[in-house]
Number of protein chains: 2
Amino acid sequence: MDGIGKTMAETAVSLHQRILSDISERILSGEWAPGHRIPFEHELGIQYNCSRMTVNKALSQLAKAGLIERRRRSGSFVRQPQAQPAVLEIHDIRTEVEALGLPYRYELLSADRRRATGEDRGLLGLDAVAPLVALQCRHFAGKRPFCHERRLINLSAVPDAAAESFAAAAPGPWLLDRVPWSAAEHRISAIAADGDLALALEIQAGSPCLVIERRTWNAERPVTHVRFAYPAQSHSLVARFTPNQG
Amino acid sequence: MDGIGKTMAETAVSLHQRILSDISERILSGEWAPGHRIPFEHELGIQYNCSRMTVNKALSQLAKAGLIERRRRSGSFVRQPQAQPAVLEIHDIRTEVEALGLPYRYELLSADRRRATGEDRGLLGLDAVAPLVALQCRHFAGKRPFCHERRLINLSAVPDAAAESFAAAAPGPWLLDRVPWSAAEHRISAIAADGDLALALEIQAGSPCLVIERRTWNAERPVTHVRFAYPAQSHSLVARFTPNQG
DNA sequence: CGTTCTCATATGTATATACATAATAGCAGC
DNA sequence: GCTGCTATTATGTATATACATATGAGAACG
């Protein structure tokens, strides 16, 4: 390294990026098998003609992505692939429908205010009885029902929801505006449509549906539980795993 | 900042980590609403009594996690929540079955070697005709079929597969040993079991199944396409979203 | 009034440096 | 041989610095 001031224009992509993709390629191609010790930071620094810090940043990122494991005093090692972590993007329903080029429509089927039953508490993850709102609604793509939504909202976490009718706007975006970000857990499964669901989705009873359940917390407090049911034909989820996403 | 040499023991967690969680907390709590401009790097540097580099690393990470958007000359802004990225862990089937405390058994139903048909090429993402192996097999949890697997393996990417019978060991782990790491795309959907699938899973024809399809690449080359079909009752997937995972 | 040019500014990327920390290897002493 | 100390080593985290780059704001100009 000939010191500070090296121009960056000589490389089209950043050095960081180059190191990252070089190394992941070697791992992905199998050239560096699981268990293999990759060169030390300072060695890579010499190879790439850059400082240890730059290498360090790239390797730290690879470690976070799960491709390598770093051990002090020993070096960095290619990890045994175990679980395939994949990133699933769960979008807003209106966005999804509009992405298909179809007009979106929302319809409220029922709204109900009650004290949490045992089942409600199980779904929401509540430890005590609390007031809540239970909703059922439908999302249309063009003329066809696209998705059925069944939702519980914990009123002690979101008191404003008591005054809201949800007749015109879907509860999902409404909540996102008020509880802007939160931790969430998703459960994805398949079910056979029972009578009510089949009616709502205008499909045959017993036909398969893809179900996404989401539980949402805000600072440790359960906010909402929602079950989206999609007719099997109309929907699938895509998840990707790419180790060097930048 | 009183210069180099500040001891790190005074803070239990790293400064980087603290900035990261502080800021995401403010965003998650709604204190900083979408569109809000968060303080400039140098301002945060003064607030946290640290250098711009440290702030920069934390903010870059938040940007990569999708919580904020960074604009040169303008600053960093809280993003509108759009897609909820959730991490899905897809494990080995044997591991899953054994996690249930049930004995695992594998059974090969059929193995077939052929040149890729049009459909095969679509599934694998091949642009040219190539030899491949097509497999069907079952995974048992105790006495019940747990999962049906239908797989294509691209022989030009994995020539060794031609010599392998797959009678005793499942192709998934076998491939993992040889193609140690790879990029993958998962598609999750629900289907109604057709006659063959119903027979293999010992369920009624037409009953719902959860389907996971996975396409795997190794250095831009398609390696395998696999479709796992689970009887709806027996399986669900869990994905989590936690914004500041470190 | 609109267009273009210049300048200031915030982020982006890289450097060299400093010290902390964890873990190993080797050695000393019992 | 086992235990515990010490030195070494690779990574972890932070610093100050330097320069690149994109872009917004305002000045200069037609």
Side-chain angles (χ1 to χ4, degrees), chain A residues 1-23 36-79 244-246, chain B residues 1-23 35-79 244 246:
Chain A
M1 200 66 273
D2 50 9
I4 288 172
K6 179 191 179 186
T7 169
M8 266 170 272
E10 35 182 275
T11 49
V13 294
S14 71
L15 205 38
H16 177 104
Q17 202 52 240
R18 211 182 105 215
I19 297 174
L20 210 108
S21 54
D22 269 21
I23 294 182
H36 178 260
R37 208 210 76 227
I38 74 174
F40 297 128
E41 292 188 350
H42 83 270
E43 292 177 322
L44 288 168
I46 294 167
Q47 267 183 50
Y48 286 93
N49 192 36
C50 70
S51 77
R52 184 172 81 88
M53 273 307 296
T54 305
V55 176
N56 179 292
K57 274 207 281 186
L59 293 194
S60 302
Q61 195 172 326
L62 281 176
K64 224 179 51 186
L67 275 186
I68 64 171
E69 190 190 331
R70 317 198 69 195
R71 286 203 288 275
R72 275 177 160 144
R73 160 79 220 227
S74 312
S76 301
F77 299 82
V78 178
R79 281 208 358 180
N244 55 332
Q245 75 287 40
Chain B
M1 203 65 273
D2 50 8
I4 289 173
K6 179 190 178 186
T7 169
M8 266 169 273
E10 36 181 275
T11 49
V13 294
S14 70
L15 206 37
H16 177 104
Q17 202 51 240
R18 210 181 106 215
I19 298 173
L20 210 109
S21 54
D22 268 23
I23 294 181
H36 179 261
R37 208 210 76 228
I38 75 173
F40 297 126
E41 293 188 350
H42 83 268
E43 293 177 322
L44 288 169
I46 294 168
Q47 268 182 51
Y48 286 94
N49 193 37
C50 69
S51 78
R52 185 172 80 86
M53 273 305 297
T54 304
V55 176
N56 179 292
K57 275 208 282 185
L59 293 194
S60 301
Q61 194 172 327
L62 281 175
K64 224 179 51 186
L67 276 184
I68 64 171
E69 189 190 331
R70 318 199 68 195
R71 286 203 287 276
R72 275 176 160 145
R73 159 78 220 225
S74 313
S76 302
F77 299 82
V78 178
R79 283 216 347 187
N244 55 331

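Below, chains carry the letters A, B, ... as their sequence lines are ordered, and counting in each starts from 1. This is a predicted model, so every value here is computed, not measured.
For the OP1/OP2 pair of D:dT11 and a distance below 4.0 Å, the side-chain nitrogens and oxygens of A:Ser60 include no atom meeting the criterion. Close to D:dT11, at under 4.0 Å from its OP1 or OP2, lies a side-chain N or O of A:Ser76. Side-chain N/O atoms of A:Arg70 include one lying less than 4.0 angstrom from OP1 or OP2 on D:dG12.
Distance from the side chain of A:Ser51 is smallest for C:dA16 among the nucleotides D:dG24, C:dA16, D:dG12.
At least one donor-acceptor pair closer than 3.5 Å links the side chain of A:Glu43 to the backbone N or O of A:Phe40.
The two residues B:Arg79 and B:Gly66 come nearest to each other via the heavy atoms NE-O, 3.5 Å.
Between the side chain of A:Arg52 and the base of D:dG12, at least one donor-acceptor pair of N or O atoms lies under 3.5 Å. No hydrogens or angles were tested; on distance alone, a donor-acceptor pair under 3.5 Å links the side chain of B:Arg73 to the base of C:dA8.
Between B:Leu59 atom CG and C:dA10 atom P there is a gap of 14 Å when expressed in whole angstrom units. Between the CG atom of A:Asn56 and the P atom of C:dT17 there is a distance of 17 Å, given to the nearest Å. In this entry the distance linking CZ of B:Phe40 with C1' of D:dA22 reads 15 Å, nearest Å. Atom CG in B:Leu20 sits roughly 16 Å away from atom C1' in D:dA14 (whole-Å rounding). Atom P of nucleotide D:dA22 and atom CD of B:Glu69 are separated by 17 Å, given to the nearest angstrom. The distance from atom CZ of A:Phe77 to atom P of C:dA23 is 13 Å, rounded to the nearest whole Å. Straight-line distance from the CD1 atom of B:Ile46 to the P atom of D:dT15: 13 Å, rounded to whole Å. Rounded to whole Å, atom P of D:dG12 lies 12 Å from atom CZ of A:Arg71.
Nucleotides of DNA chain C nearest to B:His42 and A:Lys57 differ in position, and the one nearer the 5' end is that of B:His42. Mapping A:Met53 and A:Glu41 onto DNA chain D by nearest heavy atom places A:Glu41 closer to the 5' end of the strand.
In this view, B:His42 satisfies the ring pair (Phe, Tyr, Trp, His ring centres under 6.0 Å) rule with no residue, not counting sequence neighbours. Remark: B:Arg72 pairs with no residue by the salt bridge (Lys or Arg N to Asp or Glu O under 4.0 Å) rule, at least two apart or across chains.
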- Task: Go through the steps for A:Leu62 and A:Leu59 under the test side chain to side chain contact (heavy atoms under 4.5 Å, CB included), then give the verdict.
- Result: CA-CA 5 Å; A:Leu62 281 176; A:Leu59 293 194; 4.3 Å; yes
